[in-house]
Amino acid sequence: MQHLKSVLFFIFSIPFFAGLSFGQDSAYVKWQSSIRKISDTRVEVKLSGSIRSGWHLYSNVNEAEGLTGVQLIFEDEAVKPGKLETSTKQVKISDPVFENKSILVTTDSIGITRELNFEGKIPPAVTLNISYFIGQNENFIPEEKKLTLILDGENISQTGNRLLIPSINLKKTMTDCGSSSSTYVDTDSGGLLNLFILGFFGGLIALLTPCVFPMIPLTVSFFTKKAGTKKSGVKNAFIYGFFIFLIYILLSLPFHFLDKLNPEILNNISTNVYLNVSFFVIFIFFAFSFFGYYEIELPSALSNTADSKAGVGNIAGIFFMALTLALVSFSCTGPILGSLLAGSLTGDGGAMQLTSGMAGFGLALALPFALFALFPNWLNSLPKSGGWLNTVKVVLGFLELGLAFKFLSNADLVMHWGLLKREIFIGIWIVVGTGLTLYLFGFIKFKHDSVIKKLAKFRIILGILTGLFTLYLIPGVTNTKYANLTLISGFPPPLYYSIYKKNSDCILGLNCSRDYEEGLKRARIEHKPILLDFTGYACVNCRRMEEKVWSRPDVYKLMHEKFIIISLYVDDKKKLPAGEQFNYTTKEGVQKEIVTVGDKWATFETENFSNNAQPLYAIINNEEILLSHPVGYTPSADEYLQWLQCGVDAFEKK
C-alpha cells in the first residue's frame with residue numbers, strides 16, 4: 001500500500017529529518033510561541049503554526065492510517081504536560097497518499113495550547129520537539145521542529161518574535177461592524193478626490209507665478225496664429241494642454257513600481273531620516289529663492305534640448321513644447337511639486353495618492369491653454385504681468401519656510417532627538433506667520449518688490465486672515481486645554497511630545513502600551529478588549545484622529561474605561577536591542593531583516609491585516625481573536641464611537 005510505504009519511509013528517515021529540522025527553520029510550517037504564567041509552578045504554552053500555501057497538515061490522530069497528529073515532546077523530565085488543546089479549521093480531502101480515502105487535514109494555520117506543570121520552581125528554559133506530517137497531492141513529508149521556550153520565573157517571555165498571529169482571521173470576526181475589506185486603505189475614492197483637489201489648487205497657484213503666467217497669452221497666441229484655421233489652432237492648444245497633464249501623471253508612475261516591489265517602501269521613503277532632513281534643507285533653499293535672493297534653474301541643456309525638438313512633426317512638436325514649459329517653469333513649480341511629492345508619499349494609500357495630486361496639478365496648468373484657445377477674447381481680461389507676480393512668489397516663500405519644519409519634525413520624531421517639541425514647532429510657525437502678515441501689510445520688503453503706493457483689497461484681506469491664523473496658533477505654546485489646535489491637527493508633533501512635563505507618553509493620557517505582548521498581558525489581567533492602533537510619528541491622519549475624534553468626551557470615556565490601547569508605531573527608527581533583532585520569513589516567503597521598532601510593527605501589521613496603511617484600528621480580545629472588522633481613518637466621531645461600542649458589546653457577550 002502506498003501509505004504504508006510512506007510510513008516506512010518516515011520511520012527510516014527520522015534521523016535525517018530530525019537533524020535537518022534542528023539545523024534550520026521548518027520549510028513548510030512556521031512556528032511561533034508565547035508563554036503565559038499561571039502560578040509559581042504552572043505555565044501555559046501557546047504554539048501558532050502557519051502552513052505554507054497549497055500544503056496541508058495531518059493534525060488528526062488516525063491510528064488506522066498510521067497518523068499521529070501533532071506530537072509535543074519535552075526533553076526535560078521535570079515537565080509534566082497537561083491536556084493538549086488544538087484550535088484549527090479542518091477540511092476533508094480525497095487524499096491520493098491514502099488511496100483517495102477521505103481524510104481530515106488542516107490548511108492555513110493551527111493553534112495549540114498546552115499547560116505545563118513543574119515540580120518546584122519554574123526553570124529558566126525548556127526544550128520542546130514538535131513532530132507532524134505535511135502533505136500536498138502525492139507528497140507526504142515528515143517534519144520536526146525544535147523550540148527552546150525561554151522562561152524567566154516572574155516574567156515569562158515569548159520564544160522568538162511573534163509577528164504572525166494565526167488566530168487573527170480577517171474573514172472571520174465575532175461581529176460584522178467595521179470595514180469587511182481585508183485590504184482597507186484610508187485613501188478611498190473620497191480621499192483621492194481630496195488629494196486631486198489639493199493638487200488642482202497647487203496648480204492654480206503655480207499659474208500665478210512669474211514663470212508660468214506670462215506664458216499663457218504667448219502660447220495661446222502662437223497656436224491660434226500659426227494654425228491655418230481656428231479649428232486647427234483650438235485642436236493644437238487642447239493637445240498641448242493634454243500633454244502638460246500627461247507629463248505630470250508620468251512623473252508619478254515610478255512610485256507605483258516601487259509600491260509593487262515592497263508595500264512598505266513608500267512609508268519607508270516618507271519617514272526616512274536622511275530624506276526628511278534633505279527636504280528640510282531643500283525647502284529652506286526654495287524659500288529664499290522665492291524671496292528673490294537667487295534663482296533656481298534646471299541645467300539649460302535640458303530645456304534647450306526639449307525646445308530644439310518642439311518643431312519636429314506636429315504631435316511630437318507639441319509634446320516637446322509642453323515638456324519645455326514643464327522644464328523652464330521648474331523654478332516656480334518645483335517647490336510646489338516638492339511639497340506635493342513629500343506630502344503624498346506617506347504609505348497610507350500608496351502611490352495613488354501622488355498620482356491623484358499630480359493629476360490635479362497637471363489639469364490646473366493645462367486648462368488655461370485649452371480654454372483661452374477656445375475663447376481667445378478672454379485673454380483681454382487677464383491682468384497684466386507686474387509686481388503682483390513677485391508678491392505671489394514671496395508669499396509662497398513664507399509657506400515653504402513653514403512647511404520645511406514639518407520635514408525636520410518628522411525626522412526628529414522617528415529618531416527621538418527631542419529637538420522640535422510641539423511648542424517649539426508651533427512657535428516657529430508663529431514667527432513665520434507674523435513675518436508673512438507684516439509683509440502683506442507692507443512693513444517688510446524684499447529685493448524684487450515694487451513700490452507699494454496703495455495696498456490692494458485682496459492683499460489686505462489675505463493679511464487679516466494670516467494675522468488671525470497666527471493669533472490662533474498662540475494657545476498652542478501653552479500648557480492648557482486650548483493647546484489642542486484641531487484646525488492644524490497632524491502638522492505639529494503630538495500633544496504628548498511637549499516641553500511641559502506630562503503624566504505619560506500615551507495619546508491624551510489614555511491607558512496604552514507600545515508593545516504588543518506587554519499590552520496583551522495587561523488585557524488578560526484587566527480582562528479588557530484590545531484596541532490595536534497602527535500609527536506613525538509622521539502620520540498626519542493619525543494625529544487628526546487623536547486630536548479630533550479621540551478627544552471627544554464620549555469617545556475618550558469609552559476608550560479610557562473599556563480598552564487596553566496598543567499603539568504600534570510603524571515608522572519608529574529606534575533600533576531594537578541586538579538580541580531582539582532577527583531575520584523573519586513572511587507568509588509569502590519573503591526574507592526581511594527586523595532591525596528597528598518600526599520594522600517589527602510594520603511587518604506585524606502586514607502579516608496579520610494584509611495592510612500597510614496608517615492609521616489602522618483593530619479590536620481583538622485577550623485570546624487574540626478579531627471582534628470586528630478593522631477600520632482606517634474615520635473622521636466621523638459618531639461612526640468611530642459606534643464601531644468601538646460594537647467591539648465592546650462583542651467582547652462582553654462572549
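These numbers come from the heavy atoms of this one structure, side chains and all, not from hydrogens, waters or symmetry mates. What you are looking at is a predicted structure, and each value in this text was computed from that prediction instead of being measured.
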>> Under the rule for side-chain hydrogen bond (donor to acceptor under 3.5 Å, both in side chains), what residues qualify as partners of Gln90, not counting sequence neighbours?
In response: Ser59, Asn60
> What heavy-atom pair brings Ala538 and Asp571 nearest, and what distance separates the two atoms?
Replying inline: N-OD2, 2.9 Å
> So do Thr113 and Ser87 actually touch side chain to side chain, heavy atoms under 4.5 Å?
Replying inline: no
>> Show, in sequence, the C-alpha distance, side-chain angles and deciding distance for Tyr633 and Arg544, and conclude whether the side-chain contact (heavy atoms from CB on, under 4.5 Å) test is met.
In response: CA-CA 9 Å; Tyr633 178 57; Arg544 288 174 180 162; 3.8 Å; yes
> Just wondering, do Tyr584 and Thr603 contact through their side chains at under 4.5 Å, heavy atoms?
Replying inline: yes
> Tyr516 and side chain to side chain donor-acceptor pair (under 3.5 Å): which partner among Lys521, Glu624, Lys600?
Replying inline: Glu624
>> Run the side-chain hydrogen bond (donor to acceptor under 3.5 Å, both in side chains) test against Glu561 and tell me which residues pass, sequence neighbours left out.
In response: Lys557
>> Test of understanding: with side chain to side chain contact (heavy atoms under 4.5 Å, CB included), list the residues that count as partners of Ile112, not counting sequence neighbours.
In response: Trp31, Leu47, Val70, Leu72, Leu84, Thr86, Ile110
> In Å, rounded to the nearest 0.5 Å, how long is the span from OG of Ser278 to CZ of Phe285?
Replying inline: 13.5 Å
> Given the rule in the salt bridge (charged side-chain N to carboxylate O under 4.0 Å, His left out) test, do Arg422 and Glu547 qualify, once you have shown the distances and angles that lead to the verdict?
Replying inline: CA-CA 13 Å; Arg422 180 182 176 88; Glu547 295 171 17; 3.6 Å; yes
>> Show the nearest heavy-atom pair for residues Ala359 and Phe196, with the distance to one decimal.
In response: C-CE1, 3.7 Å
>> With heavy-atom distances below 4.5 Å as the criterion, would you say the side chains of Lys89 and Lys172 are in contact?
In response: no
>> Go through it in stages, so that I can follow the logic: the residues are Ile507 and Leu495, the test is side-chain contact (heavy atoms from CB on, under 4.5 Å), and I'd like the CA-CA distance, side-chain angles, deciding distance and then a yes or no.
In response: CA-CA 7 Å; Ile507 303 297; Leu495 287 163; over 6 Å; no
> Below 4.5 Å, heavy atoms only, C-beta onward: do Ile428 and Leu420 meet side chain to side chain?
Replying inline: yes
> Heavy atoms, side chains only, cut-off 4.5 Å: are Asp108 and Ile51 in contact?
Replying inline: no
> Side chains of Glu143 and Val29: closer than 4.5 Å at any heavy-atom pair?
Replying inline: yes
> Where do Asn608 and Ile168 come nearest, in terms of heavy atoms and distance?
Replying inline: O-CG2, 3.9 Å
>> Could you check whether any side-chain heavy atom of Asn484 comes within less than 4.5 Å of a side-chain heavy atom of Ser551, counting everything from C-beta outward?
In response: yes
>> One pair to check against side-chain contact (heavy atoms from CB on, under 4.5 Å): Val273 and Lys573. What are the steps and the verdict?
In response: CA-CA 8 Å; Val273 176; Lys573 304 303 181 185; 4.2 Å; yes
>> Suppose we screen for side chain to side chain contact (heavy atoms under 4.5 Å, CB included). Which residues come up paired with Asn622, at least two apart in sequence or across chains?
In response: Ala523, Arg524, His527, Phe651
> Got a sec, which pairs hit salt bridge (charged side-chain N to carboxylate O under 4.0 Å, His left out) with one end in residues 630-646, sequence neighbours left out?
Replying inline: Arg552-Asp638
>> For a quick test of reading the model, state the closest non-hydrogen atom pair linking Lys528 to Lys562 and the distance between them.
In response: CB-O, 3.7 Å
>> Other residues, nucleotides and ligands only: do more than 12 of their heavy atoms fall within 6.0 Å of CD on Gln642?
In response: no
> Does Gln614 use its side chain to pair, donor to acceptor, with the backbone of Gly536 at less than 3.5 Å?
Replying inline: no
>> Tell me the closest heavy-atom pair linking Leu413 and Pro494, and the distance in Å.
In response: CD2-CD, 3.9 Å
>> Can you tell me how far apart CG (Leu532) and CH2 (Trp601) are? Round to the nearest 0.5 Å.
In response: 9.5 Å
> Roughly how far apart are Ile619 CD1 and Met174 CE, rounded to 0.5 Å?
Replying inline: 12.0 Å
> What distance separates Leu163 CG from Glu607 CD, expressed to the nearest 0.5 Å?
Replying inline: 7.0 Å
>> Looking only at the side chains, is there a donor atom on one of Thr596 and Asp599 sitting less than 3.5 Å from an acceptor on the other?
In response: yes
> In chain order, what residues pass the side-chain hydrogen bond (donor to acceptor under 3.5 Å, both in side chains) check against Thr535, with sequence neighbours excluded?
Replying inline: Arg543
> Can you list the residues that meet the side chain to side chain contact (heavy atoms under 4.5 Å, CB included) rule with Val281, with sequence neighbours excluded?
Replying inline: none
> Rounded to the nearest 0.5 Å, how far apart are NZ of Lys30 and OG of Ser109?
Replying inline: 15.0 Å
>> If I take atom OG1 from residue Thr606 and atom CG from residue Leu164, how far apart are they, to the nearest 0.5 angstrom?
In response: 10.0 Å
> Which is it for Tyr556 and Leu510 under the side-chain contact (heavy atoms from CB on, under 4.5 Å) test, yes or no, and what are the steps along the way?
Replying inline: CA-CA 8 Å; Tyr556 181 88; Leu510 287 163; 3.4 Å; yes
>> So, using side-chain hydrogen bond (donor to acceptor under 3.5 Å, both in side chains) as the criterion, who are the partners of Arg522 when residues are at least two apart?
In response: Asn511
>> Do Thr88 and Pro166 make a side-chain contact, defined as non-hydrogen atoms from C-beta onward lying under 4.5 Å apart?
In response: no
>> Given 3.5 Å as the limit, does a donor-acceptor pair link the side chain of Thr634 with the main chain of Ser636, or not?
In response: no
> Among Phe283, Trp429, Phe425, Phe280, which one satisfies ring pair (Phe, Tyr, Trp, His ring centres under 6.0 Å) with Phe405?
Replying inline: Phe280
>> For Tyr537, give me all partners under ring pair (Phe, Tyr, Trp, His ring centres under 6.0 Å), at least two apart in sequence or on another chain.
In response: His416, Tyr569
> Pick from Phe534, Tyr640, Phe563, Phe609: which one makes a ring pair (Phe, Tyr, Trp, His ring centres under 6.0 Å) with Tyr617?
Replying inline: Tyr640
> Among pairs that include at least one residue of residues 606-637, which meet disulfide (SG to SG under 2.5 Å), considering only residues two or more places apart or in two chains?
Replying inline: none
>> Test your reading of the model: is there a side-chain donor-acceptor pair from Asp412 to the backbone of Gly418, 3.5 Å cut-off?
In response: yes
>> Suppose we screen for ring pair (Phe, Tyr, Trp, His ring centres under 6.0 Å). Which residues come up paired with Tyr497, at least two apart in sequence or across chains?
In response: none
>> Is it the case that the side chain of Thr175 and the backbone of Leu627 share a donor-acceptor pair, with hydrogens and angles ignored and the cut-off at 3.5 Å?
In response: yes
> If every non-hydrogen atom of Pro615 is compared with every non-hydrogen atom of Asn541, which pair is closest and at what distance?
Replying inline: CD-CB, 3.8 Å
>> According to side chain to side chain contact (heavy atoms under 4.5 Å, CB included), who are the partners of Gln136, at least two apart in sequence or on a separate chain?
In response: Trp55, Asn139
